[in-house]
2 protein chains.
Amino acid sequence: MSKSASTIRDIARILGISKSTVSRALNNHYDVNSETARKVQELAAQLDYHPNLLAQHLKQQRTNTIGVVIPETVNRFFAKAVGGIQEVANRAGYNVMICQSNETLDLERNNLKTLMASKVDGLLISVSRETDQYDHLQYAIDKEVPLVFFDRIVEELMASQVYSDNYEISFQGTEHLLNQGCKRIAFIAGPQNLYNSRNRLNGYLDALKKHNITISESFIIYTNYQRNDIESYTRALFNLRERPDGIFAINDMAAIEIMHILKKRGLNIPKDVAILGFNNEDTCRFVEPTLSSIDHPAFDMGAAATEILLKQIHRDEITQEKRLIKSRLVIRESSNRIA
Amino acid sequence: MSKSASTIRDIARILGISKSTVSRALNNHYDVNSETARKVQELAAQLDYHPNLLAQHLKQQRTNTIGVVIPETVNRFFAKAVGGIQEVANRAGYNVMICQSNETLDLERNNLKTLMASKVDGLLISVSRETDQYDHLQYAIDKEVPLVFFDRIVEELMASQVYSDNYEISFQGTEHLLNQGCKRIAFIAGPQNLYNSRNRLNGYLDALKKHNITISESFIIYTNYQRNDIESYTRALFNLRERPDGIFAINDMAAIEIMHILKKRGLNIPKDVAILGFNNEDTCRFVEPTLSSIDHPAFDMGAAATEILLKQIHRDEITQEKRLIKSRLVIRESSNRIA
DNA sequence: TATAACAATTCAAACGATTGCACAGTGAAT
DNA sequence: ATTCACTGTGCAATCGTTTGAATTGTTATA
């Protein structure tokens, strides 16, 4: 039966006209007789014709599709960012192809390759936590594929980027803890190959410097965003002769888990230890005490990155645009010693 | 410069041979001279040749891509399911194109249309909460596109499905609350056009019937998975002369929010009110008291659905397979009155 | 010496669309 | 009657692949 979809060729044959006319009629081309156009469109509807996008894109040399490479959708930040991406892209008539690197460099490479071979019109990328080589990214840039980094940007590469003020907000967060009377603030840092993680660490360090607090290496824990080591480094921290009285953690999950452990040890949050997380997940509002955190507008970052990308695609020139999306310190009970 | 990517035509011209030979050499076709093959592959590498997937797929009439339509990636269940999908698909050499319906029927229709026009080899679908018409789904089935529903299935349609035992687990969850001594269990139900929601409600109802508990309509709240009305229906429930002493909520977020409200009212969980959620989000372990919930193996469901789909694609025949992935009741403090 | 067998390659059509150019037909202006 | 302008349509090439059939050249066989 109609197992195979109908094509402009079918329409042409039935109507006894040429493919070109059909194509023009369907695309509302100016120089086709309105009567012919009507007949074509009618028959197209009747035959349930839909243009084959593969053919169309091959011919047109663009796909109206933007490729997205993110670490993981289970990471709510990226899930939300994808929302912003879709919103803007769809409104502009673009489709979105989402790939996850699962936080690995290997998959990130593969994803990029596939997207490029699929001839996406542009790329939105947030690199994996493993990404410490940039050849694949440089390659895409060399090929002049419009590309915008967002959130997990790579500073060294000549590409547009949408980033948040990790340094400043981390500085501010640390000062907040200091203002609450914390003297010994531990910092749970993320993977140091990520620009964001480095900035966050630097914000913390500089805030301590500004307030003339001696920096103690044993108060800085380098992690991988993974969770299996939380118990052990928390124990290590609290077995020190000088225990921390404040903790700034790289993400809320770590913060919550730490809080959990400390509460079990009989410590009072925030009295004994004030805690500040990162990402402002919904959960922050439901744990006890409620968790202070840093809010990044994920949706907005995705949307902004997409806007810049689309602009770049349409301008057809490679410009480098940098857009800052500001983060926000959300103070709740876990770090509020004063109220 | 090399603005445009190189093609088999370039390779052919440089080597002074025909495109066909190049194509065959690159695909390790049997009847090409090994010396020629070597030269072709060498030059291909040198020119950084990558086949244009659009052209390849157009010619081959398959895309090695499966299309996925889900409500939202911010819903962790679906984010995890996508993980399982990617895992199985990638291992089998397939790419995945993910579309979100944002829980709307309109977008679901659009997504489906785009995916079909892009000639994906198969479809994995979990319908939106709005989906109460099935024409678009039936359309895909009529076109003989291999299709597997997962989690949010549509029972009426002749397609494979991966589902979880919503009825049974809901029955079991209700019995659990009854065993804890609850006499007046309220049920926060999901949208009734969803098969899953109806099953969950029925499981609850039948469990009450089995235990000869009178069913009270005012104890059944119909929601939309949305959160803005939680406060108001909770108030309504607890202003009844006969207040509930147990709540079975359609998802953890609702459960947690309700718990929050009740705690503020000075009620003890689980003593005064036992609470059971759905989905077993990470948060359950961190709220106080910890939240009992129903765990659905999201990753496994995605993986299973993909396996079935791939089998169907390869067999090239339409079979209807149904696979049950069992859910699991996870009892924590919020519903444990005995320990 | 003609021919069959075989390997290696080329030719050309196909996938389904778009588009520059040519051309036929019509009516108006010269 | 010739030229011109203009509208509507068709031809054929093109995008980058794959692939059945035809062709070439070489060697073995009768």
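Proteins come first, then strands; the chains are lettered A, B, ... in the order of their sequence lines, and each starts at number 1. What you see is a predicted model; the values in this text were computed from it and never measured.
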Q: Could you tell me which residues satisfy side chain to side chain donor-acceptor pair (under 3.5 Å) with B/T131, sequence neighbours excluded, listed by chain and number?
A: B/E108, B/S128
Q) So which heavy atom on A/S6 is nearest to which on A/Y49, and how close? A) O-CD1, 3.3 Å
Q. Can you name the residues that form a side-chain contact (heavy atoms from CB on, under 4.5 Å) with A/K119, not counting sequence neighbours?
A. A/T63, B/A5, B/N52, B/L54
Q: Round to the nearest Å and state the distance from B/H29 atom NE2 to D/dG20 atom C1'.
A: 11 Å
Q: Please list residues of residues 7-17 of chain B whose heavy atoms come under 4.0 Å from any atom in DNA chain D, ordered by number; otherwise none.
A: B/T7, B/I8
(Q) So A/D31, base contact, sugar-phosphate only, or nothing? Heavy-atom distance under 4.0 Å. (A) base
Q: At the 4.0 Å heavy-atom cut-off to chain B, mark where contacts on DNA chain C begin and end, going 5' to 3'.
A: C/dA8 to C/dG16
Q: Find the distance A/L58:CG to D/dA13:C1' and express it as a whole number of Å.
A: 13 Å
Q) Mind checking what makes side chain to side chain donor-acceptor pair (under 3.5 Å) contact with B/S160, not counting sequence neighbours? A) B/Q312
Q. Under the side chain to side chain donor-acceptor pair (under 3.5 Å) rule, what pairs show up with a residue in residues 35-45 of chain A, not counting sequence neighbours?
A. A/N28-A/Q41, A/E35-A/R38, A/R38-A/E42
Q) Which atom pair, heavy atoms only, marks the closest approach of B/S118 to A/L53? A) OG-CD1, 3.5 Å
**Q.** Cationic N near anionic O, under 4.0 Å, A/R152 to A/E103
**A.** yes
Q. When you match A/T36 and B/H50 each to their closest nucleotide on DNA chain D, which lands nearer the 5' end?
A. A/T36
Q.
If I take atom CG from residue B/D10 and atom CG from residue B/L43, how far apart are they, to the nearest 0.5 angstrom?
A. 9.0 Å
(Q) Using a 4.0 Å cut-off on heavy atoms, which residues in residues 37-44 of chain B reach DNA chain D? List them by number, or say none. (A) none
Q | Partner set under ring-ring contact (aromatic ring centres under 6.0 Å, His included) for A/H296, not counting sequence neighbours | A | A/F278
Q: Heavy atoms only: give me the nearest B/G122-B/L309 pair and the separation to one decimal.
A: C-CD2, 3.9 Å
Q. Hey, which of these two, A/A55 or B/S34, hits DNA chain C nearer its 5' end, going by closest nucleotide?
A. B/S34
Q: Could you tell me which residues satisfy ring-ring contact (aromatic ring centres under 6.0 Å, His included) with B/Y94, sequence neighbours excluded, listed by chain and number?
A: B/H314
**Q.** Point-to-point distance, once rounded to the nearest 0.5 Å, from CD of A/E72 to OG1 of A/T104
**A.** 9.5 Å
(Q) Determine whether A/E307 and A/K311 satisfy the following criterion, salt bridge (charged side-chain N to carboxylate O under 4.0 Å, His left out), listing intermediate values before the conclusion. (A) CA-CA 6 Å; A/E307 275 161 19; A/K311 206 160 50 178; over 6 Å; no
(Q) If I compare all heavy atoms of B/A25 with all of B/A37, which pair ends up nearest, and what's the gap? (A) CB-CA, 4.0 Å
(Q) Taking ring-ring contact (aromatic ring centres under 6.0 Å, His included) as the definition, give me every residue that meets it alongside A/F299, ordered by chain and number, with sequence neighbours left out. (A) none
Q.
Heavy atoms within less than 4.0 Å of DNA chain D: which residues of residues 18-26 of chain A have one? Give them sorted by number.
A. A/S18, A/S20, A/T21, A/R24
(Q) For D/dG16 and A/Q61 - does any side-chain N or O of the residue sit under 4.0 Å from the phosphate oxygens OP1/OP2? (A) yes
Q | Distance in angstrom units between B/Q60 CD and D/dT19 P, rounded | A | 6 Å
**Q.** Bend angle of the helix from C/dT1-D/dA30 to C/dT30-D/dA1, end axes from five pairs each (to 10°)
**A.** 80°
Q | Between CG on residue B/L112 and SG on residue B/C99, distance to nearest 0.5 Å | A | 9.0 Å
